[in-house]
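Just so you know, residue 1 is the first one in the sequence shown, and it goes up from there.
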Amino acid sequence: MKLSMPRYDQAPVLVVGDVMLDRYWHGGTSRISPEAPVPVVKVEQIEDRPGGAANVALNIAALGAPALLVGVTGRDEAAHSLADSLHAAGVQAHFQRIDEQPTIVKLRVMSRHQQLLRMDFEEPFNTDAEALAEDVDGLLAGVKVLVLSDYGKGALKNHQALIQLARARGIPVLADPKGKDFSIYRGASLITPNLSEFEAIVGHCQDEAELVAKGARLMNELELGALLVTRGEHGMTLLRPEHPALHLPARAREVFDVTGAGDTVISTLAASIAAGEELPQAVALANLAAGIVVGKLGTAAISAPELRRAVQREEGSERGVVSVEQLLLALEDARAHGEKIVFTNGCFDILHAGHVTYLEQARAQGDRLVLAVNDDASVARLKGPGRPINAVDRRMAVLAGLGAVDWVVSFAEDTPENLLRQVKPDVLVKGGDYGIDQVVGAEIVRAYGGEVRVLGLVENSSTTAIVEKIRSK
């Protein structure tokens, strides 16, 4: 399955559900309390993070998608902390504030990256369901996906009303379900239970075949568009009517903390679908994101650069020989990390010491080097009959093995001007006795503020000379 990084900036998503504040007290432990056999934690840092539905919205915003949030809080310090954090992250939050009820807070006491204790401060909210539905209805016109983030805390009391509001506008509805009655999610486009939540509804599944069969019956019964069962170390399974089951393996290299992993899955799914991705691709992206988040401590959001780099690894475009599409994805990630892009091009028919020295000098002009190589037909037009000596795939394989080269890409035209317009490097480098204005593509690069540099060539190093020497013998 081919993956690419979606245009999340054009994918507004509305999240409705149970918001909460995840609060962390961090400190060291060096002794046991004389009052009871428990460790004493000297609190040195207090950290607040949006949790529940607020974490889903935060994850969507971290991917670069416009995120809107509707939820219920108290009128207290925790609600202010939530609002401030969400506003700083660019989330447009709309809270129904209820007097004399506390905002849900989950307090975790941490020491040396280990959770020692969790304390929950919560009461089920007496939500005004009609007022919440009015808020949602007023926001739906500007979004492409609705997410119901249900933690069973009382914010969502009218699931069907919200689903029908979205369906009337042709907006997909994704639900992260809770409880033992999934009928409240009838008609949703997709629900994302974990395995234990799924089995609480359909019964224990002995194997994948039984999971698929019971999932199909559940989809039919609830008129669901699709069902995604997250299965921990066994990955996730996507079920769709009249499609074969799609099983994706877990992608985590090391599991550190599963807190918020479900939020990451549904947020990445929602943003990807809103950006126009097909469901299997959106699920694959969500699987990659989940593999990242479980390697972090506590409730955490996945950034667009993190996901982009995971997509690069998946597509084999971290470095080496790449397609133009893979190159552009890799460059987007490099620029997100503040890296300076250098571009050079040539035939590189028979690699020699002059090429190696030149490419090392070119790489020294920035952080990443893109090497564009003429394909066989363009080399023949430029160099004449009998050239190239080596086919383009072999030339690119050898060049990709050089430490100075990050990405090697081919082009079919006589000049790399079309490729330059797409890559837009920070520095265009050429070797030889050129004036800067004589470098092909110089006017393109200088027009958007890039630099053009000419490097000298190593003497007595020439592919043409090597070819003539071989022919003469």
Side-chain angles (χ1 to χ4, degrees), residues 14-20 22 51-57 69-73 96 98 101-106 118 120-130 132-133 136 145-167 172-205 210-211 214-232 236-239 258-267 269-270 286 290 299:
L14 172 60
V15 181
V16 184
D18 298 298
V19 300
M20 54 194 75
D22 286 331
N55 184 47
V56 175
L69 173 66
V70 173
V72 184
T73 69
Q96 183 180 127
I98 299 180
Q101 281 196 266
T103 300
I104 297 172
V105 176
K106 296 186 182 296
R118 190 179 104 175
D120 290 0
F121 303 85
E122 65 178 75
E123 296 292 338
F125 278 110
N126 184 25
T127 305
D128 184 337
E130 291 187 4
L132 187 139
V136 171
V145 171
L146 170 66
V147 174
L148 302 183
S149 181
D150 194 353
Y151 279 78
K153 306 300 184 184
L156 292 172
K157 292 187 174 181
N158 52 349
H159 302 71
Q160 278 300 299
L162 300 179
I163 291 171
Q164 295 308 318
L165 284 172
R167 289 187 62 171
V173 181
L174 279 58
D176 187 1
K178 286 294 180 290
K180 295 184 178 180
D181 179 14
F182 279 12
S183 66
I184 57 178
Y185 308 108
R186 182 181 302 278
S189 307
L190 172 71
I191 64 173
T192 62
N194 61 38
L195 183 59
S196 62
E197 293 165 342
F198 176 72
E199 290 186 330
I201 301 297
V202 303
H204 178 65
C205 299
E210 188 174 1
L211 183 151
K214 288 183 175 180
R217 287 197 292 271
L218 184 65
M219 284 191 295
N220 182 63
E221 177 187 340
L222 299 182
E223 302 171 15
L224 301 174
L227 171 66
L228 179 66
V229 182
T230 56
R231 304 165 58 198
M236 51 183 67
T237 296
L238 174 65
L239 303 177
V258 299
T259 304
D263 295 342
T264 299
V265 169
I266 199 165
S267 60
L269 269 173
T299 306

First locate atom [atom1] of [X], then atom [atom2] of [Y], and finally report the distance between them rounded to the nearest 0.5 Å.
X	Y	atom1	atom2	value
K180	I201	NZ	CD1	8.5 Å
M219	I191	CE	CD1	9.5 Å
R217	L239	CZ	CG	12.0 Å
I98	D128	CD1	CG	8.0 Å

I want to check something: taking the side chain as every heavy atom from C-beta on, are [X] and [Y] in contact at a cut-off of under 4.5 Å?
X	Y	answer
E197	T192	no
L156	L162	yes
Q101	V72	no
F198	L218	yes
F121	P102	no
S267	V56	yes
L269	V147	no

Would a distance-only check, ignoring hydrogens and angles, find a side-chain to backbone donor-acceptor pair under 3.5 Å from [X] to [Y]?
X	Y	answer
D18	A155	yes
E122	K153	no
D263	N55	no
N158	E130	no

Tell me whether the count of non-hydrogen atoms from other residues, nucleotides or ligands lying under 6.0 Å of CD in E123 goes above 12. no
N126, CG atom: more than 12 neighbouring heavy atoms under 6.0 Å: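 Atom CG in N126 is not crowded, with 12 or fewer foreign heavy atoms closer than 6.0 Å.
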Do you know which two heavy atoms are closest between [X] and [Y], and how far apart they sit?
X	Y	value
G52	Y151	CA-CE1, 3.5 Å
A290	T264	N-CG2, 4.1 Å
V19	G71	CG1-CA, 4.2 Å
A53	G17	CB-C, 3.7 Å
D150	H159	OD2-NE2, 2.8 Å
Y185	K178	OH-N, 3.1 Å

Let me see the working for V15 and I266 under side-chain contact (heavy atoms from CB on, under 4.5 Å), right down to the final yes or no. CA-CA 10 Å; V15 181; I266 199 165; over 6 Å; no
Looking at K106 and D22, does any basic side-chain N land under 4.0 Å from a carboxylate oxygen?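 A salt bridge is absent here (no side-chain N lies under 4.0 Å from a carboxylate O).
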Side-chain donor-acceptor pairs of residues 220-231 under 3.5 Å, sequence neighbours excluded:
| residue | atom | partner | partner atom | Å |
| --- | --- | --- | --- | --- |
| R231 | NH1 | E208 | OE2 | 3.1 |
| R231 | NH1 | T237 | OG1 | 2.9 |
| R231 | NH2 | E208 | OE2 | 3.4 |

